[in-house]
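Working notes, structure below.
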Protein chains: 4
Amino acid sequence: MATTTTAARTVASGGAHARDLDKRARILDGAVKVFAKRGFFHARVSDVAKASGVADGTIYLYFKSKDEILISIFEDRMEWILAELKKRMAKLPTARGKLEEFVDFHIMLATSYPDVCDVITIELRQSNKFMKEYANTRFLEYQNLIGDVLREGKDDGTFRSDIDPAVVKRAIFGALHELVSQWVLMKLPANRLLRAASQLKSFVLAGVVGGEK
Amino acid sequence: MATTTTAARTVASGGAHARDLDKRARILDGAVKVFAKRGFFHARVSDVAKASGVADGTIYLYFKSKDEILISIFEDRMEWILAELKKRMAKLPTARGKLEEFVDFHIMLATSYPDVCDVITIELRQSNKFMKEYANTRFLEYQNLIGDVLREGKDDGTFRSDIDPAVVKRAIFGALHELVSQWVLMKLPANRLLRAASQLKSFVLAGVVGGEK
Amino acid sequence: MATTTTAARTVASGGAHARDLDKRARILDGAVKVFAKRGFFHARVSDVAKASGVADGTIYLYFKSKDEILISIFEDRMEWILAELKKRMAKLPTARGKLEEFVDFHIMLATSYPDVCDVITIELRQSNKFMKEYANTRFLEYQNLIGDVLREGKDDGTFRSDIDPAVVKRAIFGALHELVSQWVLMKLPANRLLRAASQLKSFVLAGVVGGEK
Amino acid sequence: MATTTTAARTVASGGAHARDLDKRARILDGAVKVFAKRGFFHARVSDVAKASGVADGTIYLYFKSKDEILISIFEDRMEWILAELKKRMAKLPTARGKLEEFVDFHIMLATSYPDVCDVITIELRQSNKFMKEYANTRFLEYQNLIGDVLREGKDDGTFRSDIDPAVVKRAIFGALHELVSQWVLMKLPANRLLRAASQLKSFVLAGVVGGEK
DNA sequence: TATGAATGAGTGTTCATTCAT
DNA sequence: GATGAATGAACACTCATTCAT
């Protein structure tokens with residue numbers, strides 16, 4: 001993902017500062033590794049520098065503070081994640097298919113980029129600046145992709161009419177998140193997560209489709 | 001809960017000096033407030049001391065380190081929570097009733113003791129000692145209460161036979177947790193959480209009961 | 001002077017925190033030595049700690065910042081200097097005698113406490129906080145002791161009626177200060193300064209007494 | 001003064017590349033502004049670069065270190081000041097006239113180039129290299145212009161025979177310096193300094209001429 | 001037991017200086 | 001020469017923990 005993100009950024013910025021972006025991306029990549037391994041607070045900025053192959057001071061040419069590195073990881077990765085997920089979901093015709101795609105994509109992210117996953121879901125909360133000063137709109141936007149599908153499904157009669165998308169989207173996200181978190185934390189093999197994902201889809205679909213009798 | 005917990009501990013400790021236990025409990029209560037407010041890392045031990053009405057050094061007569069305070073909060077609170085929840089669920093005859101009770105109890109905890117909730121679900125993860133050296137059996141035990149109900153429901157035919165309790169218990173816990181977390185983080189009014197809880201129960205029951213055809 | 005100052009403070013504070021004041025005074029004494037030797041900016045806080053026989057962190061129990069140490073030296077020393085000088089000048093009957101006493105006392109300070117002298121006259125200016133946020137009233141108060149004498153001498157006819165105390169007090173202070181500064185900077189023997197002082201008194205008295213024809 | 005100085009240097013350097021000298025002079029001019037505003041220690045080399053319109057690295061093509069910029073300001077300005085002052089004093093026939101010219105010229109410098117004045121009199125002392133490794137002969141040379149006049153006046157009977165030029169020259173310089181310093185520090189209007197200068201001349205002349213009766 | 005003053009290891013950040021372009 | 005991105009040494013300050021009282 002790192003490479004893709006960098007490429008995206010390079011293109012987005014019109015290639016003016018190709019070298020800067022490389023280094024910025026390298027630092028973010030290094031930071032993801034270090035933060036995931038040591039935790040945000042226990043990670044030293046000098047560790048990030050070493051992992052990124054730059055000098056300590058160089059970090060501060062690209063980021064104002066340690067906190068900002070963390071926030072930038074989130075921004076940078078979420079930007080890519082949201083774009084990619086929207087693209088994939090748009091291709092699918094049914095609400096049910098979209099919902100399954102969301103779950104599959106989330107699981108894919110977690111297995112492919114466990115460090116990013118850890119940083120975004122665990123470490124990010126340790127930044128005061130992030131939790132307090134920063135409206136974490138990206139998180140909401142992510143969850144809203146489920147909400148949109150739920151509404152779509154309600155409208156076309158696929159899903160029950162009595163579900164509240166605002167609540168259920170979070171329930172689904174939370175279920176996914178918990179499965180992934182435990183998988184990350186316990187460092188289980190990938191197939192365990194894949195089987196869990198299939199169970200989850202079944203559970204979730206039953207939850208939004210089948211009314212209890 | 002604090003009072004009850006202290007009482008429980010007093011019993012559990014088999015009659016050690018009552019005053020010691022008061023102080024220990026006071027420190028834990030103070031720590032919960034401070035950790036919830038400032039976050040574990042940004043909280044100073046001296047803040048905990050001040051909030052507890054003891055001297056800085058006194059903390060170390062009851063806890064080996066800052067980390068241990070955090071872990072003790074978890075141990076102490078979870079002990080009470082598990083005992084209480086088991087008692088309540090045991091009283092109910094049906095798996096469905098037990099499942100609903102689990103959700104209601106979790107929500108009740110969150111609304112009654114938001115600080116404890118925050119510390120256990122958010123701050124706890126910031127302790128390396130907890131996440132790495134500590135087998136968080138209590139968390140599993142808590143989730144297993146759902147797992148047991150799910151198995152019970154599968155056995156008596158209430159719930160679908162194809163659900164995997166090991167996965168679904170985590171999905172349900174995750175859904176609950178996410179709803180509560182956002183409620184805590186965004187400091188929403190209590191009734192918002194209560195309505196969400198009712199939606200969640202409907203969603204979860206549909207998920208474990210109704211099979212999609 | 002350090003001892004006297006400490007004694008004064010102890011008394012002033014009513015002896016409540018005798019130990020604190022000892023340590024505070026020790027730190028100020030250490031800081032005077034270190035600042036005079038290395039210069040304020042080149043002096044490390046840890047140098048001050050070492051010179052004071054305390055740990056680095058202890059410094060911050062008594063002073064908010066490195067800047068505040070510098071300012072406290074000034075406050076602390078000037079308080080004593082002003083009190084002592086006022087007392088001495090009050091004892092003398094004539095304006096001429098008082099003026100001579102001012103010069104003698106200033107020279108005595110410089111020769112007895114060259115480090116304090118250096119810190120107050122040279123290093124103090126390196127503190128942004130001092131120069132900008134701090135109304136250095138003590139300096140003015142010190143110079144005003146000359147101004148008062150000049151007015152007294154004008155009133156009783158000892159000094160010329162056309163001198164402007166507001167200007168001449170600074171001229172006299174500046175002359176004294178320059179002689180002392182060079183003496184400090186060049187580390188000349190004490191007798192050189194004493195001879196200069198006698199010349200200075202003669203020059204100054206001629207300046208304020210004798211009108212040119 | 002900046003322009004004149006550059007011209008002087010161009011001549012002095014015997015026709016080196018004019019462009020180099022422009023840049024060197026530009027850097028010194030920028031440094032004077034920045035040092036006067038922020039203080040030597042708080043001023044960043046990059047600030048000087050920005051104020052001079054050159055790149056950070058360019059500074060080091062003309063000066064070995066930040067310290068050397070400061071010293072060069074002094075050298076450069078003093079060279080011009082001394083030459084100019086000598087020329088002016090030489091034109092005057094009497095010791096008294098020369099002494100008055102010295103005061104007037106010093107005051108003129110301070111009012112015309114307050115930044116230079118601040119740097120030379122205040123900031124210069126913050127450079128260890130200057131104060132310790134550098135024999136500040138220029139300062140002495142400057143003061144010696146007063147010393148020479150005093151001797152001249154003693155010889156022709158204008159001034160008292162018992163004055164010691166080595167002491168009195170410093171007293172006069174110190175008096176001048178103090179008046180100017182306070183004027184700079186307090187950012188007073190120019191006319192205040194001019195009035196003070198007239199008082200000072202009267203005081204100084206009385207000091208060197210009139211014997212006390 | 002309780003205290004809280006003292007400790008000193010630990011680290012984010014700055015900025016003078018260098019050097020590849 | 002000129003640039004400015006990169007370097008990395010340096011340091012003020014914090015705070016968990018200790019221990020004399």
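Each chain gets a letter, A, B and so on, in the order the sequences are listed, and its residues count up from 1. Source: prediction; values computed, not measured. Side-chain atoms are counted along with the backbone in the values below, which use heavy atoms only and exclude waters and symmetry mates.
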Measure the acute angle between the ring planes of C:F41 and D:F41, then classify it against the limits of 30° and 60° as parallel, tilted or perpendicular.
parallel
Find the distance A:R24:CZ to F:dA6:C1' and express it as a whole number of Å.
18 Å
Go through the steps for D:Y62 and D:V54 under the test side-chain contact (heavy atoms from CB on, under 4.5 Å), then give the verdict.
CA-CA 11 Å; D:Y62 295 90; D:V54 301; over 6 Å; no
In sequence, state the C-alpha distance, the side-chain angles, and the governing distance for D:D115 and D:F35, and then conclude on side-chain contact (heavy atoms from CB on, under 4.5 Å).
CA-CA 8 Å; D:D115 286 350; D:F35 289 170; over 6 Å; no
How long is the line joining NE2 of B:H42 and C1' of F:dC15, in whole Å?
13 Å
Can you tell me the distance, in whole Å, between the CZ atom of B:R38 and the P atom of F:dT14?
15 Å
By nearest-nucleotide position on DNA chain E, the 5'-leaning member of A:Y60 and D:G57 is A:Y60
Tell me: CZ of B:R44 to C1' of E:dG4, nearest whole Å?
16 Å
Picking from F:dA12, E:dT13, E:dT17, which would you name as closest to the side chain of C:K66?
F:dA12
Using the side-chain heavy atoms of A:L61, tell me which of these nucleotides is nearest: F:dA12, F:dA5, E:dT14.
F:dA5
Considering only F:dA12, F:dA6, E:dT13, which nucleotide approaches the side chain of A:Y62 most closely?
F:dA6
Can you tell me if A:D29 uses its side chain to pair, donor with acceptor, with the backbone of A:R26 under 3.5 Å?
no
Closest to the 5' end of DNA chain F, once C:A43 and D:I59 are matched to their nearest nucleotides, is D:I59
When you get a sec, tell me which of F:dA12, F:dA16, F:dT17 is the closest nucleotide to the side chain of B:S65?
F:dT17
Interatomic distance, D:K64 NZ vs E:dT18 P [rounded to whole Å]:
11 Å
Measure from the side-chain heavy atoms of C:T58 and tell me the nearest of F:dA12, E:dA6, F:dA16.
E:dA6
With side chains defined as the heavy atoms from C-beta onward, is the minimum distance between B:L28 and B:R24 less than 4.5 Å?
yes
In whole angstroms, how far is the C1' atom of F:dA5 from the CG atom of A:D22?
14 Å
Watson-Crick or G-U wobble partner of F:dA12, both distances under 3.5 Å:
E:dT11
Contacts to DNA chain F from residues 48-56 of chain D, heavy-atom cutoff under 4.0 Å, which residues?
D:V54, D:A55, D:D56
E:dT21: pairing nucleotide in any strand, Watson-Crick or G-U under 3.5 angstrom
F:dA2
Could you tell me whether C:K66 sits above the aromatic face of C:F40, with NZ or CZ closer than 6.0 angstrom to the six-membered ring centre and within 45 degrees of the axis?
yes
Atom-to-atom span, CD1 of C:I27 to P of E:dT7 - whole angstrom
9 Å
For A:K23 and F:dG4, give me the distance from atom NZ to atom P, rounded to whole Å.
16 Å
Considering the options A:I69, A:L70, A:D118, A:V116, which one meets the side chain to side chain contact (heavy atoms under 4.5 Å, CB included) requirement together with A:V32?
A:V116
